[in-house]
Amino acid sequence: MAKYLLLKHYRGAPEPVNNVPMDQWSPDEITAHIDYMNTFAEKLKTTGEFVDGQALAQEGAWVRYDGEGRPPVTDGPFAETKDLIAGWMVVDVDSYERAVELAGELSAAPGKDGKPIHEWLEVRPFYGTPPTITE
């Protein structure tokens with residue numbers, strides 16, 4: 001089994017599809033979307049493939065070290081809204097192909113008018129062990 005991050009962005013769907021921002025959805029449409037996500041997670045819990053999942057608010061800041069004895073520097077957010085992370089799900093599956101299959105299913109979550117949103121999800125593997133450095 002290998003762990004993969006299914007990363008949801010606020011970039012939405014391809015333009016000709018159901019690319020309506022969530023702030024323009026009705027309360028029932030938002031509830032349907034969240035219910036889909038929860039049902040999807042519950043299904044993966046029964047197969048043992050679910051590890052974790054969270055939604056994130058759009059607010060945030062960039063933080064960096066600014067030198068010994070100095071407080072961290074904060075600023076932001078720098079990224080355009082479409083690039084901000086909306087949330088994630090971590091799955092533990094047998095193969096990359098299974099992770100892609102699950103991401104495709106998750107991309108079908110309903111949006112405006114109950115239609116699938118076709119949102120892009122980033123699929124990234126976790127390192128099983130830290131990478132080795134070769135010289």
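- At a threshold of 4.5 Å between non-hydrogen side-chain atoms, the residues Val51 and Val91 do not count as touching.
- Side chains of Ile30 and Met22 form a contact here, defined as non-hydrogen atoms less than 4.5 Å apart.
- Within the 3.5 Å criterion, the main-chain N or O of Ala103 finds no donor-acceptor partner in the side chain of Ser107.
- Considering only heavy atoms from C-beta on, Met1 comes within 4.5 Å of Asp94 through its side chain.
- Listed by first then second residue, pairs satisfying salt bridge (Lys or Arg N to Asp or Glu O under 4.0 Å) with a partner in residues 100-109 read Lys43-Glu105, Arg98-Glu101, not counting sequence neighbours.
- Distance alone, capped at 3.5 Å, places no donor-acceptor pair between the Gln24 side chain and the Pro21 backbone.
- Taking NZ from Lys45 and CG from Asn38, the interatomic distance works out to 8.0 Å, rounded to the nearest 0.5 Å.
- A distance-only check finds a donor-acceptor pair linking the side chain of Asp92 to the backbone of Ala2 [under 3.5 Å].
- Hydrophobic clustering of Ile, Leu, Val, Met, Phe, Trp and Tyr side chains at less than 4.5 Å, counting indirect connections, keeps Leu7 apart from Phe50.
- In Lys3, the NZ atom is not crowded: 12 or fewer heavy atoms of neighbouring residues, nucleotides or ligands sit closer than 6.0 Å.
- For CZ of Phe126, the number of neighbouring non-hydrogen atoms (other residues, nucleotides, ligands) closer than 6.0 Å is greater than 12.
- Residue Val123 comes nearest to Ala99 through the heavy atom pair CG1-CB, 4.0 Å, listed as atom of the first residue, atom of the second, then distance.
- The hydrophobic clustering, which links ILVMFWY residues whose side-chain heavy atoms are closer than 4.5 Å, places Val93 and Val90 apart.
- Residues Met89 and Leu121 are not in side-chain contact: their nearest non-hydrogen atoms beyond the backbone lie 4.5 Å or more apart.
- Residues Leu106 and Met37 are in side-chain contact: their nearest non-hydrogen atoms beyond the backbone lie under 4.5 Å apart.
- Rounded to the nearest 0.5 Å, atoms CG (Leu56) and NZ (Lys8) are 11.0 Å apart.
- Using modelled atom types, one side-chain atom of Glu29 and one backbone atom of Asp113 make a donor-acceptor pair closer than 3.5 Å.
- Rounding to the nearest 0.5 Å gives a distance of 8.5 Å between CG of Leu6 and CG of Leu44.
- For residues 21-40, the ring pair (Phe, Tyr, Trp, His ring centres under 6.0 Å) pairs, not counting sequence neighbours, are Trp25-His33.
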